[in-house]
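Below is one structure, written out as structure tokens, with a few remarks after it.
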Amino acid sequence: MMEVGLQHFLVVSAILFSLGIFGVVTRKNAVMVLMGIELILNAANINFIAFAKYGNFGFDGQLIALFVIVLAAAEAAIALAIVLNIYKNFATVNVDEINKLKE
Amino acid sequence: MSEYNYTLLALLVFFLPLLGFLVTILLGKKFSKIYLFEVAIITIVLILSIVIGFFKLGFQVDERIISQFTWIDLKSAGTPYTSFIIELGIVLDNISVIMLFVVSLVSTLVHYFSIAYMKGDPRFNRYFAYLGLFTFSMMGIVLTHNFLMMYIFWELVGVSSYLLIGFWYEKDSASDAAKKAFLANRVGDLGMLAGLLILFTTYHTFTIDNVFGQIALGVLPFNSEFWLTIMGVLLFCGAIGKSAQLPLHVWLPDAMEGPTPVSALIHAATMVAAGVYLVTRIFPLFTGDALLFIAVVGALSALIPATIALTQNDIKKVLAYSTISQLGYMIMALGIGSYFYGYFHLITHAFFKAGLFLAAGSVIHAMHHEQDIQNMGGLRKKLPITYATFLVFCLAISGVPLTSGFLSKDGILAGALAFGSLTGHYLITVVGFTVAMLTAFYMFRLLILTFHGKPKDKHAYDHAHESPALMTVPLIILAVLSFFAFYSFNPTTAEKGWVFEKWIQTPESVVPESARYSFMVPESEIRDRKIIHSETYTKTVHDAHIPAVILSLLLSGFGILVAFTIYYWKKISADKIANSLKPLYKFSLNKWYFDELYDKTFIAFTMFLSKILNWFDAKIIDGVVNGAASVTRGFSKISGGFDTIVIDGFVNFSAFFSGLVGIVLRKMQTGKVQVYIVLLIFSIVILIFYFSR
Amino acid sequence: MIFEFFADLLGSQILSAIIIAALPLVFIILYVLLANWLERKVSAHMQDRLGPMRVGWHGWLQPIADMIKILQKEDIVAKDADRKLFSAAPVLVFVGCYAAFAAIPFSSAFVGADLELGLLYILAVSSIVVAGILMAGWASNNKYALIGAVRSAAQIISYEIPTVFIILCIIIVSGTLNLTTLSEQQSGTFLNWYILGGDVEGWKKFALIPFMFIGFIVMYISSVAESNRTPFDLPEAESELVAGYHTEYSGMKFAMYLFAEYANMFVVSALVVAMFLGGYQSPFGYVGDLINVPWLIPIEQFFWFTVKGLFFVFVQMWLRWTLPRLRVDQLMALCWKYLIPIAFVNLLIISFLMIL
Amino acid sequence: MNLYDFIFYFFAALTIVSAFFVVTTKNIIYAAFNLLLTFFGVAGIYVLLGADFLAIVQLIIYVGGILILMLFGVMLTNKITNVQIKTEASFVIPASIGVGLFAGVLIAILLKTEWRNSPADIPISTLVPIGKLLMEEWAFVFILLGVLLLIALIGAASIARKE
């Protein structure tokens, strides 16, 4: 087994990313979908920071990761507010039952 | 912050109001609450301009940040000139940054004020859209670094002013006032256009800095200082129109037909200040003669409207004339070379005059759109907050110590005194001091008649009530900003304050030294960028300061005293004075017959001309047009036949085809995002395999 | 410092790391025993009672007796509770409090991890506590527990905001987040403590004092709220919610909550001390310096730090028996309508003063 | 295998295993607490990559903010009394095939590509350089993010508010 380097981190982030997508696709509960999205964002962040270190790009990668975290916070707040509103209107948060627009 | 960030922020401040305007005007019919978008945008603009101001004035005081790009490069078009480039761009220096803050602050306060004031208006959203358009164009004037954009936004400001004055266009008076404002401005802008033409033919550039540079190198229009003077005066004509100086001031009092918050924003604090701002921007290119012309125009505009304001009875009219008079003050200050105080008075005046108008709006709102002060009185008890703030504004505009108005007005008067003693033009000095007295008198007359004494209209008085917090809070903010502490630690002079010391320096004139005022030429051994006045001037201004303070205090104190004697204690009857000075009184009441004069001369002539043109139109042009029309009709018949058969057949076929495809594809649209994601993943994998081969 | 000491002594880095990790545990156990006894005594004396008197002199052995008792208790898990989470929750809560001890500088020689981001680190790990509390509340499957947990989480998160604002003030003045550096900057006499303007030069020092005081007060109030003590003990309000999120717990698990609560009290007091009251620095100077025994200084510093920390723990107990409990709406209003605006304005003023 | 490698494998395993549980468990609460472990593991990986400030921020914002928010969301959208927090899954088989293929392809690409590999010397604390970058080069983005966060806050509050 070789010494831990860039590719190890990339593989971890790739697996995390795939798991996130899996979560987004298979879960029915909106909150769970949100968790999947958070996993995807975290995977992306690992990539940013890994490249910032191993590619020697300075600190811009870390800054972008920081901005992603901030955006994730904003997104989570808005998404949960929407989920609560949906719950109030439909009494469910399963994404496949909320299909009023289809009719 | 780096230059790049400044530019981005400034562009945001610049274009966000445009976004607000577009969204509000386009969606205004659909969503009744869309005006909140505009209010939110303007609040963001305020925050961003505070950020810009904080970083610029706090850390990078001495830098001028210019970002520009070349819009048109006529060199490649084969013109004989060596350089023929039109650049567009923005400049962030101290005066524009401060102005940015003033504009966005007043604009924000007026937005919030209007939410309450305009409640229930059928065209509520459109009103806010217009405010956004106005803010956008004002930002353009403030930020521009060239004459071309200045002219464009100059006109845009005129348009938005036109729209807002005529906002209640059902009223004939309002739509007439809007037209009048537009036309009066046109006259001034014509002069400005002529000035720009001279400028462009001489320098082949619109960029202000480049123009200055070429003047400093000795390039003059038609190689004569006289034409430089003319060019300056013509450019100043734009300011005469926009800042409502004599003789084009007639539009401003009529513009009071617009909603009151609009008067506060446009016709008191910002748009009319654009003229003054223009003069400060291009201050270095004025020759001594041009400056003298400016000073005289300013002095006349300060004096005559002040005398008119003495006898007016409409609360907004009084304030309108007072605005003209104060603008005249600023123009005069710039004309006499007192650059800093002219600009400073612009800022302080923006705050307290906006406040005065908003307070008047609050009164009008409380009195159910009654504007005649003879029907008011005693409102002090009913509107305590409005009264208190109004009092603060009155003190500020009268130049009572501890207020911001005192700082700026005193500087101007000291400058006027020094100017008189250096050049012998004592008339300007006298006018300055007289206006100070008149201002104190008519402002306190207004205050007393509105808020003190017995209520004259019992019914309206009983129904009056203090305005909601949305209206009073802006008033309080503006009142707080009318105190000295925001401009200088020392309440007696602004000279030691940070605004004067650090932020604003008089730019050096670029015209040949022979054409300047003698006192604007620095001594040869101390040619520093910061020292641009001669030593004598600095000394004279310094010496003039104390006499000016004493004299102006005495005069405004006298004015206030007279106002109290006549209207509060009623020792002297106002009617008696009016009767004994009947001709003068009539003259003032009828606004020096300016409107009638213009009616008899310009308008009559124009009507005659238009009658001739009308005849020409009806007989000759129409005949040509009708002939062209019948030819067109024949042609369109032929093309119509082609349309129905060929084009329509093609269109119908394509519609049928897309319908067919749609029926097939509809099966795939389940409406579940997750299905799409699965499909997406599969297709990504397929794509990767396809391309990896 | 202490790490090198042990590494030299034992010749093994891993062993010395383990020892250093265990040292705060020893401290916590001793401190909890003392604080538990103190709490009873303080409350008793405030109510004109005597408190525990039987076991030992003035009952000083009482906490040890209690500990033995609590170890013998049956470990009850309710039938409908979620077993895994129910057992994991107290551990998580305790880990959160315990991890904070890693960055606390007890003296110049004894600081577990000399982190550059010490202040933020403590904030970060204490957010784990919130998750643990929510876990406990949920796993108990009990209305009271869940309401208590939700209240607690809302309270801790809300009061974190003024805390962060005040921490920002300190960062602006001191320019560091490292708790050891922060303490070093306040060396000398108590005049150099940040509550008195710190080591800032000239008139700014005096201009800073009132705002530092305000910062100190806000920080202390919000830290009391963060450790769920009276008057902010809504999450475990006995008269409303039985015992809040640890209603269902008993035996050793309950003891862990107790430990966590007392440890948390000390952590927040230590934070306040390190930020405003000179950290481990003596207010007057060191005996070690006087008699020229350099190894005495770290010990004195440890003494001062503990004394200052315990004093603020005592103040928390004092408050508990002095002030009535707030209502939920009052609690939130205090945070959002008073503390946050005050802290924010304080931050603005301090930053303005520092750039002048 | 040195200490660094050992710690890396520990955190990587923690991250991936807990993330796996997050997406497979039926109980939302379990998922949320597993998410806590995932975030913790990712924070550990950040530290290994020399991004200590980001690790702290990850803890404060994700664990202290987003996760708690999600727990609140779960607890408020399931009536507190009945513990009905199990959720079903859909398209498990097509999704597993697709995601498995995708992950395989992704990892293959990542491993085959010759990345630029010149590890940087990262200082002990990244706080100062990050702060400088934020206030100078990225000041514009920083201010915009502030405004965005404010808007998001107001928006969230007004969406979730009772009419």
Side-chain angles (χ1 to χ4, degrees), chain A residues 1 3-12 14-23 25-29 31-32 34-36 38-39 42 45-46 49-50 52-56 58-60 62-63 65-67 69-74 76-78 80-85 87 93-94 96, chain D residues 4-5 8 12 15-16 19-20 22-23 28 31 35 38 42 45-46 49-51 54 57-58 61 65-66 69-70 73-74 76-77 87-92 95-96 99 102-103 106-107 110-111 115-120 122 126 129-130 133-134 138 141 145 148-149 152-153 155-156 159-160:
Chain A
M1 202 173 261
E3 199 178 319
V4 171
L6 173 64
Q7 291 177 338
H8 285 73
F9 290 103
L10 295 186
V11 169
V12 169
I15 295 173
L16 204 56
F17 185 79
S18 310
L19 285 173
I21 286 188
F22 183 76
V25 172
T26 56
R27 299 280 97 181
K28 280 188 173 175
N29 190 304
V31 181
M32 298 285 266
L34 199 60
M35 290 181 192
E38 297 298 342
L39 287 186
N42 266 295
N45 271 358
I46 293 181
I49 299 176
K53 181 181 175 188
Y54 286 100
N56 205 351
F59 289 94
D60 288 359
Q62 297 201 11
L63 272 176
L66 192 65
F67 295 149
I69 292 179
V70 172
L71 287 180
I78 295 282
L80 282 167
I82 293 173
V83 167
L84 282 185
N85 228 2
Y87 181 73
V93 285
N94 279 5
D96 50 356
Chain D
Y4 184 89
D5 291 3
F8 168 75
T15 310
I16 290 171
F20 182 74
V22 168
V23 294
I28 304 185
L35 197 63
T38 310
V42 173
I45 289 177
Y46 288 171
L49 286 168
L54 272 174
V57 167
Q58 165 97 0
I61 295 182
I66 296 177
L69 214 58
M70 283 181 178
V74 174
L76 293 177
T77 51
T87 64
E88 325 85 275
S90 51
F91 327 104
V92 178
S96 329
V99 169
F102 182 68
L106 199 60
I107 292 173
L110 289 175
L111 290 178
W115 300 106
R116 169 169 147 171
N117 200 339
S118 55
I122 291 190
T126 55
I130 285 184
L133 278 179
L134 268 185
W138 296 83
V141 182
L145 269 184
L148 176 93
L149 211 52
L153 250 170
I159 290 174

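So that the names make sense, note that chain A is the first sequence line, chain B the second, and so on, each numbered from 1.
For Leu66(A), the parts lying under 4.5 angstrom from a heavy atom of chain D are both the backbone and the side chain. Interface residue Leu49(D): backbone and side-chain heavy atoms are both found under 4.5 Å from chain A. Looking at Ile49(A), the atoms closer than 4.5 Å to chain D (heavy atoms on both sides) sit in the backbone and in the side chain alike. Both the backbone and the side chain of Ile82(A) come within contact range of chain D, judged by heavy atoms closer than 4.5 Å. With a 4.5 Å cut-off on non-hydrogen atoms, Leu35(D) touches chain A through its side chain but not through its backbone. In this structure, chain A has no heavy atom under 4.5 Å from any part of Leu153(D). Residue Phe17(A) touches chain D through its side chain alone, counting heavy-atom pairs closer than 4.5 Å. Heavy atoms closer than 4.5 Å to chain D are found in both the backbone and the side chain of Ile78(A). Interface remark: Ile61(D) contributes side-chain atoms only to the contact with chain A (heavy atom separation under 4.5 Å). Proximity to chain D (any heavy atom under 4.5 Å) is shown, for Leu19(A), by both the backbone and the side chain.
Contact count versus chain D (heavy atoms, under 4.5 Å) is highest, among Ala14(A), Gly23(A), Ser18(A), for Ser18(A). In terms of non-hydrogen atom pairs under 4.5 Å with chain D, the most contact-rich of Val12(A), Leu63(A), Ile21(A), Leu16(A) is Leu63(A). Between chain D and the residues Ala52(A), Ala72(A), Gly36(A), the largest count of heavy-atom pairs under 4.5 Å involves Ala72(A). Ranked by heavy-atom pairs under 4.5 Å with chain D, the list Asn45(A), Val11(A), Leu71(A) is led by Asn45(A).
Atom CD1 of residue Ile159(D) and atom CG of residue Asn85(A) lie 7.0 Å apart, to the nearest 0.5 angstrom. Ile46(A) contributes atom CD1, which lies 4.5 Å from atom CD1 of Ile45(D) (distance to the nearest 0.5 angstrom). Here the CD1 atom belonging to Ile66(D) is positioned 11.5 Å from the CE atom belonging to Met35(A), to the nearest 0.5 angstrom. The CD1 atom of Ile16(D) sits 10.0 Å away from atom OG1 of Thr38(D), with the distance rounded to the nearest 0.5 Å.
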### Derivation and outcome, side-chain contact (heavy atoms from CB on, under 4.5 Å), residues Ile107(D) and Ile15(A)
CA-CA 8 Å; Ile107(D) 292 173; Ile15(A) 295 173; 3.9 Å; yes

### Message
The test is side-chain contact (heavy atoms from CB on, under 4.5 Å); show your working for Trp138(D) and Val141(D) and say whether it passes.
### Response
CA-CA 5 Å; Trp138(D) 296 83; Val141(D) 182; 3.8 Å; yes

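Using cut-offs of 30° and 60° on the angle between ring planes, the pair Phe9(A) and Phe8(D) is perpendicular.
Heavy atoms from other residues, nucleotides or ligands lying under 6.0 Å from CZ of Phe20(D) number 12 at most.
No hydrogens or angles considered: a donor-acceptor pair under 3.5 Å links the side chains of Gln58(D) and Asn42(A).
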